[in-house]
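Encoded as structure tokens, the structure appears first; notes follow it.
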Amino acid sequence: MTWGAAEDGAIGIEDGFLRSRGLGAELVPPLSLALDDLGIYYDPRRESRLERLITARATLRPDQQLRVEKLIAAIRQAGLSKYNPGGGATLPKLRPGRRVLVPGQVEDDASILCGAGPISSNLELLQAVRRVEPDAVVLYKPHPDVARGLRPGRLEPDAALAYADAVLDEADPAALLDQVDAVWTMTSLMGFEALLRGVEVICTGLPFYAGWGLTRDLDHVPRRRARISLESLVHAALIDYPRYLDPVTMQPCPVEVAVRRLQLADLPGSGAGLRLLAKAQGVLASQPGLWRRGRD
């Protein structure tokens, strides 16, 4: 969701990148929100606050470097992703070869409409991957909102299997990323999650993590000229940009507390979802200094 536009003096609001255990489309409340006074992270057509933070973090202080290294290690060890569905990722028997993961997306999602470019559907992405990597073992992972029939973008199995070796509807993204060599994506956050795990990422569109020298890009944003480390990107995207709400104390908290809550599943039930969402929006939006300071 995004409220208002930066040109109107309003602040854009969207879910953060470590969100919840469960889907937003199922009204599971978020632990994090991103507030942006310039644009919003998924729209590459104009500069966002996240872009400025990424550029500003091109060089990290020793304490920042240590903090973000520990954060990346904790996320990897806990197997966290944006929605954390759990359940692992048992792959079918596959032929030998380079394994390429293709995450499906919601085809009317704002990130697709704003930043996908010429390839803007799940079928087109699968076709492009098979064309460029004809010998790869292609694994298609439908978006969970789409797989549950909550959002558009569904591919019938026969259509997907014309280009993919397997369709993995229920696989946990974090567990799946540990079993592949590369990710091809339009704008999916799974590309960022793959970078966290040292997996090669090829972007056909312009997600926030593209254009900084960490991904193979089929498109580019001219203003993204800095070449940064993974740690700089993660510091900006997970420490500086989102604001986190501890669902236990109902107070703003650092990312490390959110990671611990997600790891331990120390979260309220879905019945409290709308109340917690309203509380999170109220607390975070009413205290803009929390996100402007960047909380080192």
Taking C-beta and beyond as the side chain, do [X] and [Y] meet within less than 4.5 Å on heavy atoms?
X      : Y      : value
Asp109 : Thr187 : no
Leu238 : Tyr244 : yes
Asp36  : Tyr241 : yes
Asp43  : Ser48  : no
Phe192 : Val234 : yes
Tyr83  : Ser20  : yes
Ile202 : Val100 : no
Arg261 : Val248 : yes

- Please assess Cys203 against Thr185 for the test side-chain contact (heavy atoms from CB on, under 4.5 Å), listing each intermediate value before the final yes or no. CA-CA 5 Å; Cys203 298; Thr185 182; 4.2 Å; yes
- Item | Partner residues of Phe17 under the ring-ring contact (aromatic ring centres under 6.0 Å, His included) criterion, sequence neighbours left out |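 ring-ring contact (aromatic ring centres under 6.0 Å, His included) list for Phe17, sorted by chain: Tyr41, Phe208.
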- Message: Looking at Arg67 and Glu256, is any side-chain nitrogen of the basic one under 4.0 Å from a carboxylate oxygen of the acidic one?
- Response: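 Arg67 and Glu256: salt-bridged.
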What's the shortest heavy-atom distance between [X] and [Y], and which atoms?
X      : Y      : answer
Asp219 : Thr204 : CB-O, 4.2 Å
Ala136 : Arg130 : O-NH1, 2.8 Å
Leu80  : Ala174 : O-CB, 4.0 Å
Pro103 : Leu101 : CD-O, 3.6 Å
Ala74  : Val259 : CB-CG1, 4.3 Å
Gln105 : Asn122 : N-OD1, 2.8 Å

- Message: If we check salt bridge (charged side-chain N to carboxylate O under 4.0 Å, His left out) with Glu51, which of these qualifies: Arg224, Arg57, Arg46?
- Response: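 Output: one option passes, namely Arg224.
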With rounding to the nearest 0.5 angstrom, report the [atom1] to [atom2] distance, [X] to [Y].
X      : Y      : atom1 : atom2 : result
Ile72  : His235 : CD1   : NE2   : 10.5 Å
Ile75  : Gln77  : CD1   : CD    : 11.5 Å
Leu230 : Glu69  : CG    : CD    : 10.0 Å
Gln64  : Leu66  : CD    : CG    : 11.0 Å
Met186 : Leu206 : CE    : CG    : 12.5 Å
His143 : Asp169 : NE2   : CG    : 13.0 Å

Between [X] (side chain only) and [Y] (backbone N and O only), is there a donor and an acceptor less than 3.5 Å apart?
X      : Y      : result
Asp181 : Arg99  : yes
Arg243 : Asp240 : yes
Thr215 : Ala210 : no
Glu133 : Val129 : no
Tyr163 : Leu125 : no
Asp217 : His220 : no

- Message: Does atom CZ (Arg227) have a neighbourhood of more than 12 heavy atoms from anything else shown, all under 6.0 Å?
- Response: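 More than 12 heavy atoms, drawn from other residues, nucleotides or ligands, come within 6.0 Å of this atom.
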Would a hydrophobic clustering, with Ile, Leu, Val, Met, Phe, Trp and Tyr connected at side-chain separations under 4.5 Å, put [X] with [Y]?
X      : Y      : result
Val102 : Val137 : no
Leu189 : Leu176 : no
Tyr140 : Met190 : no
Val138 : Leu155 : yes
Leu71  : Leu177 : no

- Could you name each residue pair satisfying ring pair (Phe, Tyr, Trp, His ring centres under 6.0 Å) that touches residues 93-139, not counting sequence neighbours?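 Non-adjacent pairs meeting ring pair (Phe, Tyr, Trp, His ring centres under 6.0 Å): zero.
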- Task: Please identify each residue that fulfils side-chain contact (heavy atoms from CB on, under 4.5 Å) with Ala166, with sequence neighbours left out.
- Result: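 Testing Ala166 for side-chain contact (heavy atoms from CB on, under 4.5 Å), a comparison that skips the adjacent residues, returns Pro92, Leu94, Leu139, Leu168.
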- Task: Before giving the answer on side-chain contact (heavy atoms from CB on, under 4.5 Å), spell out for Asp178 and Arg197 the whole-Å C-alpha distance, their side-chain angles and the decisive distance to 0.1 Å.
- Result: CA-CA 7 Å; Asp178 290 334; Arg197 292 160 174 83; 4.0 Å; yes
- From CA spacing to verdict: salt bridge (charged side-chain N to carboxylate O under 4.0 Å, His left out), Lys82, Glu193: CA-CA 9 Å; Lys82 182 174 182 178; Glu193 294 168 348; over 6 Å; no
